[in-house]
Amino acid sequence: MMEQYYVGEIDPTTIPKKTKYTPPKQPHYNQDKTSEFIIKILQFLVPLAILGLAVGIRIYTKAA
């Protein structure tokens, strides 16, 4: 079966040379963990506040 699909040999000079991988430069992160803590708290509190506001409006409009 191989003889039926055999096309030819590969010329080794046409194979591109392997390049060494160099990772992209990472930005220098702020070592201050306070801002990360505030962001995590806000990611929890903002949706909770929106949910509370929606429930409050629902109760207020239902009572009126």
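Each residue takes its place number in the sequence, starting with 1. Atom set for the values below is all heavy atoms of this structure, side chains included, hydrogens, waters and symmetry mates excluded.
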**Fill in**
Taken in chain and number order and not counting sequence neighbours, the residues that satisfy side-chain hydrogen bond (donor to acceptor under 3.5 Å, both in side chains) with Glu3 are none
Would you list the atom pairs, donor with acceptor, under 3.5 Å between side chains in residues 37-59 and any protein atom, with sequence neighbours excluded?
none

**By side-chain hydrogen bond (donor to acceptor under 3.5 Å, both in side chains) - contacts of Thr13 (at least two apart)** = Asp11
